[in-house]
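Working notes, beginning with the structure itself.
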Amino acid sequence: MTLTTVSEIYAFEGIQGVYKHASDVTNCEMEFSVYVPSSAALEMAPVVWYLSGLTCTQDNATTKAGFQRTASELGLVIICPDTSPRGETVPDDPEGAYDLGLGAGFYLDATEEPWSSHYQMYSYITQELPALVAEHFPVDLGRQAIMGHSMGGHGALTLWRKNPELYKSVSAFSPICHPIDAPWGQKALNNYLGTDVGEWSNHDACALLLNHGPIEGVQILVDQGMGDQFIEEQLKPDQLELACGMVGQDLLLRRQMDYDHSYYFIATFIEDHLRHHAQALANL
Ligand SMILES: N[C@@H](CCC(=O)N[C@@H](CS)C(=O)NCC(=O)O)C(=O)O
């Protein structure tokens with residue numbers, strides 16, 4: 001599969017790159033970023049996938065999360081995909097709202113028209129992009145972790161719980177924990193998957209845990225700012241805590257006083273998340 005380099009910049013002795021490629025899965029051109037630490041020249045590196053939230057591209061986390069210093073120290077490759085398919089032919093929210101369509105792929109495979117021909121972000125992230133990355137970068141796909149923010153936190157938790165054999169470690173900032181019970185999630189699931197609420201539960205972290213049980217030996221790390229304006233209506237961390245408690249899933253939910261939903265919050269704690277993943281991946 002062909003890859004085009006958009007940019008490559010030297011950072012903390014590694015390379016922060018942005019790349020684009022034609023995706024057969026999302027049926028359009030996609031961009032993503034990869035940070036490769038210098039240690040990957042000697043040994044294939046473990047990978048952390050970072051899934052972003054509503055309105056984001058690969059660029060937000062790459063330029064604002066500040067992960068490069070710790071990734072370099074720990075020898076982690078960090079991959080930031082885009083949050084949706086892109087381009088003139090890709091459908092968007094009819095009213096131009098930020099919570100559906102472009103920038104709002106919700107990390108699932110849409111089954112409904114007009115979304116299904118492009119909005120296949122689940123298959124893109126779990127299959128097509130890893131295969132492409134393995135062809136072009138020094139990555140050990142036997143050691144993968146996944147994390148994300150908000151909609152990307154929902155993506156990280158659901159992709160992990162559906163694929164524990166792929167992702168050996170998981171964490172999230174301010175995740176949408178229970179999308180079937182939140183306006184952002186209900187709008188997206190209704191549009192992308194149709195009205196069958198039974199199907200929605202395959203894309204809801206709380207429902208997946210309750211229906212399929214815990215993953216032994218994995219601790220979920222979640223940071224949630226208590227000054228986040230979306231906490232009550234959209235994010236519902238208490239629901240995740242309840243679901244984990246009910247099934248015996250190990251969860252470290254850190255309620256961080258005063259922090260909001262922004263990248264300042266993420267930048268403050270991302271080092272802890274990368275150390276959490278490095279430790280889990282080192283034990284494999
Ligand atoms: N634009 C929305 C909020 C969108 C939002 O907060 N997006 C988060 C993810 S859910 C984000 O990361 N935004 C981009 C950024 O801060 O760089 C609003 O005004 O209510």
Side-chain angles (χ1 to χ4, degrees), residues 1-41 44-72 74-92 98 101-107 117-141 144-152 155-156 159 262-263 266-267 270 274:
M1 283 184 272
T2 312
L3 192 66
T4 305
T5 302
V6 177
S7 62
E8 283 187 333
I9 298 174
Y10 204 65
F12 299 99
E13 293 159 15
I15 293 174
Q16 179 60 68
V18 176
Y19 308 91
K20 62 182 178 182
H21 69 108
S23 165
D24 293 333
V25 170
T26 63
N27 201 13
C28 63
E29 188 169 83
M30 299 292 288
E31 269 196 18
F32 62 99
S33 80
V34 183
Y35 178 74
V36 179
S38 60
S39 59
M44 302 291 244
V47 177
V48 178
W49 296 88
Y50 181 101
L51 306 183
S52 288
L54 292 165
T55 73
C56 292
T57 67
Q58 54 71 26
D59 191 55
N60 300 68
T62 309
T63 59
K64 298 206 285 191
F67 56 69
Q68 288 87 357
R69 180 190 297 273
T70 309
S72 172
L74 299 174
L76 297 171
V77 164
I78 313 288
I79 305 176
C80 304
D82 205 344
T83 56
S84 76
R86 300 280 173 182
E88 304 255 305
T89 59
V90 174
D92 194 8
Y98 70 87
L102 300 178
F106 269 82
Y107 305 103
S117 52
H118 295 283
Y119 285 79
Q120 301 291 317
M121 291 301 289
Y122 177 82
S123 296
Y124 175 67
I125 304 279
T126 60
Q127 292 165 32
E128 189 184 42
L129 193 52
L132 177 75
V133 163
E135 239 182 74
H136 295 274
F137 299 92
V139 291
D140 175 2
L141 293 188
Q144 299 185 73
I146 192 161
M147 65 182 294
H149 172 224
S150 195
M151 175 184 73
L159 266 57
S262 73
Y263 267 88
I266 296 170
I270 198 157
L274 296 185

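A donor-acceptor distance shorter than 3.5 angstrom exists from the side chain of E135 to the backbone of M1, with no hydrogens or angles considered. Between the side chain of N27 and the backbone N or O of H118 there is no donor-acceptor pair closer than 3.5 Å. Without hydrogens or angle criteria, S150 side chain to G53 main chain gives no donor-acceptor distance under 3.5 Å. A donor-acceptor contact shorter than 3.5 Å is absent between the side chain of E8 and the backbone of V18. Under a 3.5 Å cut-off, the side chain of Y50 and the backbone N or O of T62 do not form any donor-acceptor pair. For T5 (side chain) and S7 (main-chain N/O), no donor-acceptor pair under 3.5 Å exists by modelled atom type. With Y98 contributing its side chain and A104 its backbone, the two residues share no donor-acceptor pair below 3.5 Å.
In this structure, P85 and Q120 have side chains that are not in contact, with every pair of non-hydrogen atoms separated by 4.5 Å or more. F32 places a side-chain heavy atom less than 4.5 Å from the side chain of L3. Within the 4.5 Å cutoff, no side-chain heavy atoms of V77 are placed close to those of P46. Using a 4.5 Å heavy-atom cutoff, the side chains of Y35 and I15 are not in contact. Considering only heavy atoms from C-beta on, V36 stays 4.5 Å or farther from Q16 through its side chain. Contact check for Y119 versus T26: no side-chain heavy atoms found under the 4.5 Å cut-off. Contact check for P81 versus W49: side-chain heavy atoms found under the 4.5 Å cut-off.
Within the model, atoms CD of Q58 and OG of S33 stand 5.0 Å from one another, a figure rounded to the nearest 0.5 Å. A distance of 13.0 Å separates CZ in F67 from CG in L74, rounded to the nearest 0.5 Å. Rounding to the nearest 0.5 angstrom, the gap separating the CD1 atom in I146 from the CD1 atom in I79 is 10.0 Å. Taken to the nearest 0.5 Å, the NZ atom of K64 stands 7.5 Å off from the SG atom of C56. In this structure, the separation between CG on L76 and CD on Q68 is 12.0 Å, given to the nearest 0.5 Å. Atom CZ of R86 and atom CG of D92 lie 9.0 Å apart (nearest 0.5 Å).
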Carefully, step by step, assess L54 and F106 under the rule side chain to side chain contact (heavy atoms under 4.5 Å, CB included). CA-CA 8 Å; L54 292 165; F106 269 82; 3.9 Å; yes
Determine whether D59 and E31 satisfy the following criterion, side chain to side chain contact (heavy atoms under 4.5 Å, CB included), listing intermediate values before the conclusion. CA-CA 9 Å; D59 191 55; E31 269 196 18; over 6 Å; no
Could you go through L159 and I125, starting from their C-alpha distance and side-chain angles, then the distance that decides it, and tell me whether this counts as side chain to side chain contact (heavy atoms under 4.5 Å, CB included)? CA-CA 9 Å; L159 266 57; I125 304 279; 3.7 Å; yes
With side chain to side chain contact (heavy atoms under 4.5 Å, CB included) as the criterion, how do T83 and M151 come out once you've worked through the C-alpha distance, each side chain's angles and the decisive distance to 0.1 Å? CA-CA 9 Å; T83 56; M151 175 184 73; 3.8 Å; yes
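Atom CD of E13 has 12 or fewer neighbouring heavy atoms from other residues, nucleotides or ligands inside a 6.0 Å radius.
When all heavy atoms are compared, the tightest approach of A156 to L51 is N-CD1, 3.7 Å. Scanning both residues, L141 and A134, for their nearest heavy atoms gives CD1-CB, 3.8 Å. Smallest separation of non-hydrogen atoms from T57 and S52: O-OG, 4.0 Å. Nearest heavy-atom pair across G155 and Y107 is CA-CD1, 3.8 Å. Nearest heavy atoms, A71 versus L274: N-CD1, 4.0 Å. Looking at every heavy atom in both residues, C80 comes nearest to A61 through SG-CB, 4.0 Å.
Ring geometry, H21 versus Y124: the interplanar angle falls under 30°, so the pair is classed parallel (tilted spans 30 to 60°).
Under the 6.0 Å cut-off for aromatic ring centres, Y19 and F137 qualify, their centroids lying closer than that.
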